[in-house]
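So the structure is just underneath, and the comments pick up after that.
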Amino acid sequence: MKKIILSSIICAAFLLAPVMSGNLALAAEKAPADTIAALQNAVDTRNSKDAEKYIDLDRVTGNAVNTLLPIVCKAIESSQLKLEPGVAALLSSVNSGNAAARLMATQFVVAETRKFVLYGVESGSFAGKPVAAPQADGGMFLTLGGIDKHRKEFIKTRTVEESGNKAVVATSIKDYSNGSVYNLLLDMEKHNDTWRVVNIKNAEDLLNLVFH
């Protein structure tokens, strides 16, 4: 189902968290690409607080949503994507040209994606080792589409460019539910000597892959 694939790509792309060893944490502060290894380690230990040290989740999600909403609206209008009527109406309002409606839709999707992401980490689902009763609220995406409980793994990570406090990192995520590999290009920024993911540069390509 497209909404499940979409949630998987969005969430696996921006999150992944856990408890770092001292050496790994130091490495994450020194090189942009090493932060991705720290994120992977994070997912495997189900620690969402550590995950958010290495990814600006609200910023990443907000940027992705700006790309996502027009694509989702087209999918709703063409019946490619079916959602609850109230949710579909809210998201479709983005095409009305109403700035307030667009802001409301953006805030809604950012908040619900955040819930789903944190649930995926804390429940162990993204690590492929789900626990019986996680405390986190998975929100709308969990209710509508469930969650894929197969492992998501970053592979082939490298720093493409680095200048001052900004960098671009290329990596891929392997989805063990079907063996698919999704290529990611990530903007990163250094804050207080720690590199953080702030944007998915190729979000539009990933989303078009889902809906075409």
Side-chain angles (χ1 to χ4, degrees), residues 1-20 24 28 32-48 50-51 54-55 57 60-61 63-65 67-68 71-72 75 80-83 112-132 134 136 138-160 168-188 197 199-212:
M1 207 179 310
K2 284 186 173 64
K3 63 173 174 284
I4 297 177
I5 298 173
L6 178 60
S7 297
S8 173
I9 291 178
I10 291 177
C11 297
F14 347 116
L15 16 116
L16 300 189
V19 184
M20 327 272 120
L24 187 54
D34 290 335
T35 288
I36 304 305
L39 282 171
Q40 182 67 65
N41 185 62
V43 172
D44 294 339
T45 54
R46 300 191 294 112
N47 190 317
S48 60
D50 275 343
Y54 300 103
I55 180 165
L57 189 55
V60 169
T61 306
N63 290 339
V65 166
T67 302
L68 166 69
I71 296 173
V72 168
Q80 279 186 284
L81 181 65
K82 297 186 183 298
L83 296 172
E112 291 302 312
T113 300
R114 181 182 183 80
K115 290 179 185 177
F116 189 91
V117 165
L118 295 180
Y119 178 89
V121 173
E122 294 175 17
S123 69
S125 297
F126 292 154
K129 299 178 181 179
V131 296
M140 177 192 73
F141 291 141
L142 181 65
T143 301
L144 293 179
I147 189 167
D148 179 12
K149 297 178 181 179
H150 293 83
R151 179 173 174 76
K152 308 296 184 289
E153 180 182 8
F154 284 117
I155 58 175
K156 300 178 181 177
T157 301
R158 62 187 177 86
T159 299
V160 176
V168 177
V169 169
T171 189
S172 299
I173 285 184
K174 183 175 181 179
D175 183 345
Y176 281 80
S177 67
N178 55 20
S180 295
V181 175
Y182 302 101
N183 297 321
L184 304 174
L185 200 58
L186 307 174
D187 285 322
M188 302 188 74
V197 179
N199 183 48
I200 303 173
K201 291 178 71 72
N202 62 330
E204 184 172 2
D205 292 340
L206 290 172
L207 292 167
N208 281 321
L209 180 65
V210 173
F211 288 106
H212 293 86

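Bear in mind that the values here come from a model prediction, so they are computed numbers and not experimental data. Numbering starts at 1 and runs along the sequence shown.
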Just to verify, what does R151 make a side-chain hydrogen bond (donor to acceptor under 3.5 Å, both in side chains) with, not counting sequence neighbours?
D44
P130 side chain near S123 side chain, heavy-atom distance below 4.5 Å
no
So, T45 side chain and N41 main chain: donor-acceptor pair closer than 3.5 Å or not?
yes
From F154 atom CZ to I36 atom CD1, the distance as rounded to the nearest 0.5 Å:
5.0 Å
Least distance between heavy atoms, E122 atom then S48 atom
OE2-OG, 2.6 Å
pair I155-V181: side-chain heavy atoms closer than 4.5 Å:
yes
Do S180 and N178 pair up side chain to side chain, a donor and an acceptor below 3.5 Å, judged on atom types alone?
yes
For the atom pair CZ (F116) and OG1 (T61), what is the distance rounded to the nearest 0.5 Å?
12.5 Å
Should V121 and N47 count as side-chain neighbours, where that means a heavy-atom distance under 4.5 Å?
no
The single option from D205, T171, V197 that satisfies side-chain contact (heavy atoms from CB on, under 4.5 Å) with L184 is T171
Using a 6.0 Å distance limit plus a 45 degree cone around the ring axis, check whether K174 lies over the aromatic ring of Y176.
yes
With sequence neighbours left out, what residues match D187 under side chain to side chain contact (heavy atoms under 4.5 Å, CB included)?
V168, V198, N199, K201
Hey, what do you get for CD1 (I173) to CZ (F126), rounding to the nearest 0.5 Å?
9.5 Å
CG/L186 to CD1/I200 distance, rounded to the nearest 0.5 angstrom?
6.5 Å
Using the rule given for side chain to side chain contact (heavy atoms under 4.5 Å, CB included), can you reason through M188 versus T35, listing the C-alpha separation, both sets of side-chain angles and the distance that settles it, and then say yes or no?
CA-CA 10 Å; M188 302 188 74; T35 288; 3.6 Å; yes
Sequence neighbours excluded, the answer for side-chain hydrogen bond (donor to acceptor under 3.5 Å, both in side chains) partners of T159 is none
Does any donor atom in the side chain of N183 or S172 lie under 3.5 Å from an acceptor atom in the other side chain?
yes
Return the set of residues passing side chain to side chain contact (heavy atoms under 4.5 Å, CB included) with K129 (not counting sequence neighbours), or none when no residue passes.
none
CD on Q40 to CD on E153, rounded to 0.5 Å:
5.5 Å
